[in-house]
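As a basis for the values below, the full set of heavy atoms in this structure was taken, side chains included, without hydrogen atoms, waters or symmetry mates.
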Amino acid sequence: MPDKKSAAMQSPAFHNRMNYLYDPALNKGTAFSEEERDKLGLWGLLPPGINTMEEQVLRVMGNYNRKTSDLEKYIFLVALQDRNQTLFYRVLTDHLEEMMPIIYTPTVGLACQEFVHIFRRPKGIFVSDKNKGRFSEILQNWPNKEVRVIVITDGERILGLGDLGVAGMGIPVGKLSLYTACAGIHPSWCLPVTIDVGTNNVELQKDPLYFGMRHQRIRGEEYDALVDEFIMAVQENFPNTLIQFEDFGNVNAFRLLNKYRHRICAFNDDMQGTASVALAGLYAAMRMIGQKITDQKILFLGAGEAGTGIGDLIASAMVNEGLSQTEARQRCWFADSRGLVVKSRKNLPEHKLRFAHDFKDHPYFLDAVKALKPTAIIGVSGQPSTFTQPILAEMARCNERPIVYALSNPTPRCECTAKEAYVWTQGRAIFASGSPFQPFTLEGITYEPGQGNNAYIFPGVGLGVIACRAKHVTDEMFLEAAKTLAAEVTEDDFKRGSIYPPLGHIREISAKIATAVCEVAYEQGLAVTPRPDDLQAFIKSQMYEPNYRSYV
């Protein structure tokens with residue numbers, strides 16, 4: 001028979017009291033006031049001194065700065081999120097430029113590679129073929145019932161790192177952290193999901209610590225049935241939810257987007273978000289050098305979902321500027337692992353076929369650059385150091401201001417570094433990258449390269465979609481998001497060599513993007529929420545601020 005002390009510790013009152021200290025959504029740590037400690041019965045469970053949130057932030061930053069590696073900083077921040085959600089988002093929001101490379105690219109890639117070794121506490125929902133037929137029941141296990149946005153991956157193409165199986169969960173978790181930090185979407189509305197269909201990564205299969213399904217990846221009808229069951233389970237449990245597909249392999253990404261985009265509220269950030277941020281950079285570059293987007297000839301290295309997604313949106317932008325669709329596509333060229341994508345090549349998939357032109361085959365990218373003389377090259381190959389010195393020198397030879405985007409993530413996968421782009425073009429390149437680079441000084445001029453980070457786009461798009469409860473996500477929304485982002489780039493940004501605004505302005509930018517997205521939704525008849533008189537004020541009123549609530 002339990003004694004009185006142990007019985008008291010098992011009482012509902014005791015557990016309710018401890019929830020305020022151990023539930024990250026409720027916990028305030030040493031910031032609980034005296035009145036709150038009286039009301040909640042917390043005296044003695046905390047040190048007697050009381051800290052403000054500002055003082056807690058100082059403590060967090062002191063510990064953060066003592067970490068000796070980016071991975072250790074990542075682990076520290078994840079632990080803070082597990083412990084005190086409000087403080088985590090306060091720190092992240094106030095130090096976003098510094099911490100973006102830690103909670104997302106490039107460090108999140110390393111964190112995913114080490115995921116099964118650094119695992120502490122589960123986040124989100126995991127479903128697998130083991131749970132077939134029970135997905136709806138599993139979603140009901142999620143404690144927050146007002147889910148508004150889901151980021152889902154199957155872990156097949158994590159950044160440029162390939163198949164990481166269930167260890168890819170770090171990507172949905174990181175993306176949703178940015179939804180909150182960059183656009184003020186309440187963390188309780190966010191649900192990260194991994195659908196585990198196995199992995200073809202032999203090293204993971206052999207790792208004794210791997211906790212995913214160890215069989216080869218499920219393909220075909222069985223795979224489609226699992227995804228379809230998940231989509232239906234979401235519609236049943238969270239009917240007003242935006243679904244973001246993230247880091248699916250090419251074999252599934254294109255067709256899943258095409259299958260669901262007109263049935264539910266969904267988009268693929270690797271295609272549409274990447275396309276929008278790349279187009280925004282191109283719009284800004286046109287302002288910088290006084291040219292028109294319709295005059296550009298763009299050569300892509302990489303013809304997967306990111307590359308062709310960018311090509312599609314750029315072509316749409318050119319059509320809006322007066323070109324026919326055929327003329328617009330003629331200005332977008334692609335090279336893949338086999339060389340230039342041309343009509344004479346056999347067995348091209350549909351997403352490449354629409355950009356296959358009647359031109360001589362060139363197996364090497366340098367030869368393609370020499371033959372086409374593009375005004376811009378965009379790297380989305382995931383292959384490092386592929387924008388070589390001869391290629392960049394050739395771009396500089398045929399362009400006064402060559403546009404060079406090395407967008408592959410994480411940093412070790414980048415097609416070239418900022419230093420290489422500037423040195424090999426004598427400082428004339430307009431450069432942007434997917435992962436951040438430090439400022440670089442050449443011949444007395446300091447360049448601060450812009451980062452074509454999807455975080456400029458997807459949080460604002462998501463905020464707009466959620467605010468007006470749009471039924472679908474359309475290409476026009478991403479086109480307007482790109483225009484909105486480009487308009488935020490100032491002359492001072494151009495002087496720094498950047499075609500993107502500082503990340504420190506991201507919440508204001510996200511509010512403007514959300515407003516533009518809502519405008520499109522209302523114009524297209526997709527919005528469910530009645531249109532407010534002041535749309536931007538309404539958007540801002542929906543944004544979560546990470547401040548402690550009062551319990552008295």
Interatomic distance, NE2@His117 vs CG@Leu71, rounded to 0.5 Å, equals 11.5 Å
Would you say Arg469 and Asn240 are linked by a side-chain donor-acceptor pair, where the criterion is simply a distance under 3.5 Å? yes
Is a side-chain donor-acceptor pair under 3.5 Å present for Arg255 with Asn252? yes
Walk me through it: do Phe458 and Tyr179 pass the test ring-ring contact (aromatic ring centres under 6.0 Å, His included)? CA-CA 8 Å; Phe458 72 81; Tyr179 266 111; 5.0 Å; yes
Determine yes or no for a side-chain-to-main-chain donor-acceptor pair under 3.5 angstrom, with Arg157 supplying the side chain and Leu159 the backbone. yes
Mind checking the OG1-CD spacing from Thr86 to Glu545? Nearest 0.5 Å is all I need. 12.0 Å
What's the separation between atom CD1 in Ile243 and atom CD1 in Ile231, rounded to the nearest 0.5 Å? 3.5 Å
With side-chain hydrogen bond (donor to acceptor under 3.5 Å, both in side chains) as the test, would you mind laying out the steps for Tyr260 and Asp228 before giving the verdict? CA-CA 9 Å; Tyr260 292 113; Asp228 212 41; 2.9 Å; yes
For Val461 against Ala481, the heavy-atom pair lying closest together: CG2-CB, 4.1 Å
Which residues share a side-chain contact (heavy atoms from CB on, under 4.5 Å) with Ala482, sequence neighbours left out: Ser276, Leu279, Ala280, Tyr283
Atom pair CG (Leu526) and CD (Glu476), whose distance is rounded to the nearest 0.5 Å: 9.5 Å
Check whether any side-chain N or O of Glu229 sits under 3.5 Å from a backbone N or O of Phe135 as a donor-acceptor pair, and report yes or no. yes
Checking Phe267 against Gln244 for the side chain to side chain contact (heavy atoms under 4.5 Å, CB included) test, could you report, in this order, the C-alpha distance in whole Å, the side-chain angles of both residues, the deciding distance, and whether it holds? CA-CA 5 Å; Phe267 72 96; Gln244 175 177 318; 3.2 Å; yes
Can you tell me if Asp196 uses its side chain to pair, donor with acceptor, with the backbone of Gly212 under 3.5 Å? no
I want to know whether Tyr548 and Phe32 have ring centres closer than 6.0 Å. no
Determine, step by step, whether Arg134 and Gln140 satisfy the side chain to side chain contact (heavy atoms under 4.5 Å, CB included) criterion, reporting the C-alpha distance in whole Å, the side-chain angles of both residues, the deciding distance to 0.1 Å, and the verdict. CA-CA 10 Å; Arg134 299 180 57 202; Gln140 291 171 21; over 6 Å; no
Of all heavy-atom pairs between Gln81 and Ser177, which one has the smallest distance, and what is that distance? NE2-OG, 3.6 Å
Is it the case that the side chain of Thr153 and the backbone of Gly168 share a donor-acceptor pair, with hydrogens and angles ignored and the cut-off at 3.5 Å? no
Euclidean distance, Tyr74 OH relative to Glu114 CD, rounded to 0.5 Å: 11.5 Å
Between Asp475 and Arg261, does any NZ, NE, NH1 or NH2 come within less than 4.0 Å of an OD or OE carboxylate oxygen? yes
How about Val197 and Glu222: do any of their side-chain heavy atoms sit closer than 4.5 Å? no
side-chain contact (heavy atoms from CB on, under 4.5 Å) with Met99: which of Leu77, Leu503, Asp94, Thr107? Leu77
Leu463 side chain near Met543 side chain, heavy-atom distance below 4.5 Å: yes
Distance-only, no hydrogens or angles: does the Thr484 side chain make a donor-acceptor pair with backbone N or O of Ile509 under 3.5 Å? no
What distance do Glu236 atom CD and Glu137 atom CD have between them, rounded to the nearest 0.5 Å? 11.0 Å
Closest non-hydrogen atom pair between Thr411 and Ser435, with its separation: OG1-CB, 3.2 Å
For the backbone of Cys182 and the side chain of Ser510, can you confirm whether one donor and one acceptor N or O come within less than 3.5 Å of each other? yes
What verdict does the salt bridge (Lys or Arg N to Asp or Glu O under 4.0 Å) test give for Glu519 and Arg531, after you've listed the backbone C-alpha separation in whole Å, the side-chain angles of each residue and the deciding distance to 0.1 Å? CA-CA 9 Å; Glu519 293 282 9; Arg531 183 188 174 93; 3.0 Å; yes
Any donor-acceptor pair under 3.5 Å linking the side-chain atoms of Thr474 with those of Gln524? yes
Side chains of Thr105 and Gln451 in contact at under 4.5 Å (non-hydrogen atoms): yes
Do Asn409 and Tyr104 pair up side chain to side chain, a donor and an acceptor below 3.5 Å, judged on atom types alone? no
Any non-hydrogen side-chain atom of Glu488 less than 4.5 Å from a side-chain atom of Lys512? yes
Specify whether Phe254 and His351 have parallel, tilted or perpendicular ring planes, treating 30° as the upper limit for parallel and 60° as the lower limit for perpendicular. parallel
Any side-chain donor paired with an acceptor under 3.5 Å for Glu146 and Ser188? no
Between Leu191 and Val149, is there a side-chain heavy-atom distance shorter than 4.5 Å? no
Check for a donor-acceptor pair, side chain of Thr180 on one end and backbone N or O of Ile185 on the other, with a separation under 3.5 Å. yes
Using side-chain hydrogen bond (donor to acceptor under 3.5 Å, both in side chains), reason through Asp269 and Asn454 one step at a time and then give a plain yes or no. CA-CA 8 Å; Asp269 187 52; Asn454 289 23; 3.0 Å; yes
Closest approach of Ala303 and Lys352, non-hydrogen atoms and distance? O-CE, 3.5 Å
Would Asp23 and Arg83 count as a salt bridge (Lys or Arg N to Asp or Glu O under 4.0 Å) if you check the C-alpha gap in whole Å, the side-chain angles of each, and the deciding distance to 0.1 Å? CA-CA 7 Å; Asp23 184 335; Arg83 186 172 67 251; over 6 Å; no
Mind checking whether Leu485 and Pro501 have side chains closer than 4.5 Å, heavy atoms only? yes
Side-chain donor-acceptor contact under 3.5 Å, Trp189 with Asn144: no
Using modelled atom types and a 3.5 Å cut-off, is there a donor and acceptor pairing between side-chain atoms of Asn131 and backbone atoms of Val127? no
Check for a donor-acceptor pair, side chain of Asn250 on one end and backbone N or O of Glu305 on the other, with a separation under 3.5 Å. yes
Which pair of heavy atoms, one from Gly249 and one from Asp154, lies closest together, and at what distance? N-OD1, 4.4 Å
Determine yes or no for a side-chain-to-main-chain donor-acceptor pair under 3.5 angstrom, with Tyr210 supplying the side chain and Val166 the backbone. yes
Would you sort out whether Lys39 and Glu36 count as a salt bridge (Lys or Arg N to Asp or Glu O under 4.0 Å), showing the intermediate values? CA-CA 5 Å; Lys39 179 179 180 180; Glu36 288 171 327; over 6 Å; no
Do Asn547 and Arg90 get their side chains close enough for a donor-acceptor pair, meaning under 3.5 Å? yes
Side chains of Tyr551 and Leu26: closer than 4.5 Å at any heavy-atom pair? yes
Taking side chain as C-beta onward, heavy atoms only, is Lys123 less than 4.5 Å from Val78? yes
Mind listing the side-chain donor-acceptor pairs of residues 57-66 below 3.5 Å, one per line with the distance, residues two or more places apart or on another chain?
from	atom 1	to	atom 2	distance (Å)
Arg59	NH2	Asn51	OD1	2.7
Asn63	OD1	Arg66	NH2	3.0
Asn63	ND2	Arg59	O	3.1
Asn65	ND2	Met61	O	3.0

If you compare all heavy atoms of Glu156 against all heavy atoms of Arg219, which two are closest, and at what distance to 0.1 Å? OE2-NH2, 2.7 Å
Answer yes or no: is there an ion pair linking Glu34 with Arg37, defined by an N-O contact shorter than 4.0 Å? no
